[in-house]
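Each chain gets a letter, A, B and so on, in the order its sequence line appears, and its residues count up from 1. Below, all heavy atoms of this structure are taken into account, side chains as well, without hydrogens, waters or symmetry copies.
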Amino acid sequence: MQDFEYVAPTTLAEAIRLMNGNGLRTKALAGGTDVLVQMRGRRFAIDRLVDVKNIPELNELSCTESDGLTVGAAVPCCNIYEDVIIQRLYPGLVDAASLIGGIQIQSRATIGGNLCNSAPSGDTIPALMVQDATCEIAGPNGRRTVPVVLFCTGPGQNVLQRGEILVALRLAAPKANYGSHFLRFIPRNEMDIAVVNVGASVLLDHAKRRIVSAKIALGSVAPTPVLARKAMDFLAGKEATEATIEEAAEAAKSAARPIDDMRGTIKHRVHLVGVLTKRALQGAILRARGEE
Amino acid sequence: MGERVHVRTNINGDAADFLCEPRQSLLEALRDILGLTGTKEGCNDGNCGACTVIMDGRILDSCCVLAVEAEGKTITTIEGIAPLDGLHPIQQAFLEEAALQCGICTPGFIVAAKALLDREPDADEARIRHWLAGNLCRCTGYDKIVRAVLKAGEMMKQGPAIGQRAGVLGGKAGGTEAGKSVEDVYMA
Ligand SMILES: Cc1cc2nc3c(=O)[nH]c(=O)nc-3n(C[C@H](O)[C@H](O)[C@H](O)COP(=O)(O)OP(=O)(O)OC[C@H]3O[C@@H](n4cnc5c(N)ncnc54)[C@H](O)[C@@H]3O)c2cc1C
Ligand code: FES
Ligand code: FES
């Protein structure tokens with residue numbers, strides 16, 4: 001690996017200053033499972049690596065029924081999916097966090113790093129999008145909040161400006177009769193990059209029969225993860241029946257603009273969008289009804 | 001060459017300080033600086049698990065951690081698994097079940113399996129397969145490895161005294177009870 005300077009600031013202000021770095025090429029280091037592998041593969045050159053794991057705000061993990069969920073950007077996936085309250089309130093996020101890599105990777109990999117790496121296949125991104133997660137960002141010009149839906153701008157590209165650091169992700173407290181689910185297709189059981197991944201969430205009415213609103217996000221089928229808006233609009237106000245779900249899954253296919261590559265063909269990916277959307281919606285509905 | 005950094009850790013129960021470059025991985029520091037060559041390099045990119053160590057109670061791929069990130073951490077490597085006298089039940093079970101061929105993957109599997117059985121001695125086959133998904137083996141076809149881990153779980157339940165002593169995270173490998181060999185306790 002190339003030479004670089006390693007710094008591990010203990011305050012956010014210091015971290016921002018070090019990231020801003022007077023013309024130096026800097027990068028943040030969270031779990032390192034993307035950035036270290038990329039550096040070894042000479043994907044880019046840097047002068048300074050800023051370890052963000054010693055900053056208290058980035059290690060916050062709090063979850064309550066009333067206030068919702070705050071996940072600091074340096075919290076590893078294992079701490080998220082082992083938390084019993086998060087398991088109960090945000091199962092769709094737990095689905096995604098628990099299938100990044102294997103156990104060794106999950107000890108290090110963060111959701112913040114997954115988002116900031118901004119891969120079209122990033123598994124936690126669709127799961128965050130369907131739960132209206134927002135990014136808390138701090139930088140040389142102060143703080144700002146950006147919805148996850150608007151965070152990624154292209155493969156490996158996002159809205160972060162020079163010196164900016166992702167501090168935390170926030171998810172609102174879940175409403176009653178709300179459920180979320182996340183699914184991914186890979187050729188193996190574990191340890192692979194998604195051919196397609198799909199997050200879904202639904203809010204049902206009091207009788208738990210009609211869909212008040214639904215969200216569907218698709219990964220690995222466009223330059224960034226995308227919302228399947230046509231399918232979402234179609235579902236609003238409909239009875240949660242098999243026929244409705246089938247039709248929504250069909251509509252979701254139109255949001256996919258995939259490429260052919262070694263992981264799958266365009267045709268295969270579009271087909272998978274239909275299959276996974278259907279199953280993710282079914283899973284989200286079951287959870288909203290408290291049946292799973 | 002980058003400026004060297006002083007890193008203080010505890011490895012297998014002993015304080016271990018070393019000087020390294022920021023660009024060196026924990027795997028490189030273990031093998032090339034500290035001479036702990038039991039931890040293996042397979043892929044060097046997080047996929048194979050041959051470099052698995054336990055750091056502050058969690059298994060990770062030491063090729064995907066910088067040595068400088070180990071500052072203040074407690075680490076267990078394969079060298080810290082066996083008691084001074086004899087083998088850890090997982091090692092014993094790997095031998096009995098012939099769970100290795102070339103052996104390059106074995107330290108990683110044993111360290112990963114130890115972290116699982118210390119937490120969940122009753123882990124069933126499905127759980128073991130899931131836990132070990134980040135460890136690759138080109139030789140055995142996995143079945144023998146899974147059988148060995150299941151057997152080790154049974155052995156550890158039968159011999160809690162030694163199991164616990166050898167099972168202390170990062171703890172120094174203890175001896176056996178006076179007058180008893182590890183085999184006496186486990187193989188009885
Ligand atoms: C073997 C293996 C298997 C994997 N499997 C999967 C998988 O199944 N699904 C999947 O989606 N990914 C997978 N990955 C990729 C990777 O593990 C994930 O993307 C992970 O979530 C990245 O998190 P990290 O904390 O390790 O990020 P890092 O590598 O530390 O950082 C990733 C990027 O984000 C930037 N960054 C990190 N934190 C911040 C911050 N707070 N502010 C600003 N920028 C920041 C870094 O500079 C870097 O560009 C795998 C990787 C490996 C090696
Ligand atoms: S050498 Fe570290 S995972 Fe393969
Ligand atoms: S025994 Fe050869 S790789 Fe596992």
Report task. For the pair B/Asp143 and B/Arg129, find out whether any cationic side-chain nitrogen is under 4.0 Å from an anionic carboxylate oxygen. Result -> yes
**Report entry** Pairing of A/Asp47 and A/Arg25 as salt bridge, 4.0 angstrom limit
**Finding:** yes
Report summary line: If one checks every heavy atom of B/Gln24 against chain A at 4.5 Å, the contacting part turns out to be neither
Query raised in the report: Hey, are A/Arg184 and A/Asp95 close enough for a salt bridge, meaning a charged N less than 4.0 Å from a carboxylate O?
Result: no
Query - chain A contact via B/Leu66 - side chain, backbone, both or neither, heavy atoms under 4.5 Å - result: both
Query - Contact summary for B/Ile33 and B/Leu19, nearest pair of heavy atoms - result: CD1-O, 3.4 Å
Query - chain A interface, residue from B/Gly49, B/Ala112, B/Ser25, B/Cys63 that has the most non-hydrogen pairs under 4.5 Å - result: B/Cys63
Report summary line: In terms of heavy-atom pairs under 4.5 Å with chain A, the winner among B/Glu69, B/Glu28, B/Glu71, B/Met55 is B/Glu69
Requested in this report: With rounding to the nearest 0.5 Å, note down the distance linking CZ in A/Arg108 to CZ in B/Arg58.
Outcome: 11.5 Å
Query raised in the report: Between B/Ala115 and chain A, which part of the residue has a heavy atom less than 4.5 Å away: side chain, backbone, both or neither?
Result: neither
Requested in this report: Consider only side-chain N and O atoms of A/Ser121 and A/Asn197, and report whether a donor and an acceptor are under 3.5 Å apart.
Outcome: no
Query raised in the report: How are the rings of B/Phe109 and B/Phe94 set relative to one another: parallel (under 30°), tilted (30 to 60°) or perpendicular (over 60°)?
Result: tilted
Requested in this report: Could you have a look at A/Leu49, A/Leu29, A/Val35 and say which one has the most heavy-atom pairs with chain B under 4.5 angstrom?
Outcome: A/Leu29
Query raised in the report: Of the listed residues (A/Met1, A/Gln104, A/Met39), which shares the most heavy-atom pairs with chain B below a 4.5 Å separation?
Result: A/Gln104
**Report entry** Per-residue contact mode, B/Val53 against chain A (heavy atom under 4.5 angstrom)
**Finding:** neither
Query raised in the report: Looking at A/Gly32, A/Cys78, A/Ala8, A/Gly41, which has the largest count of heavy-atom pairs under 4.5 Å with chain B?
Result: A/Cys78
Query - Contact class of A/Gln2 relative to chain B, heavy atoms under 4.5 angstrom - result: backbone
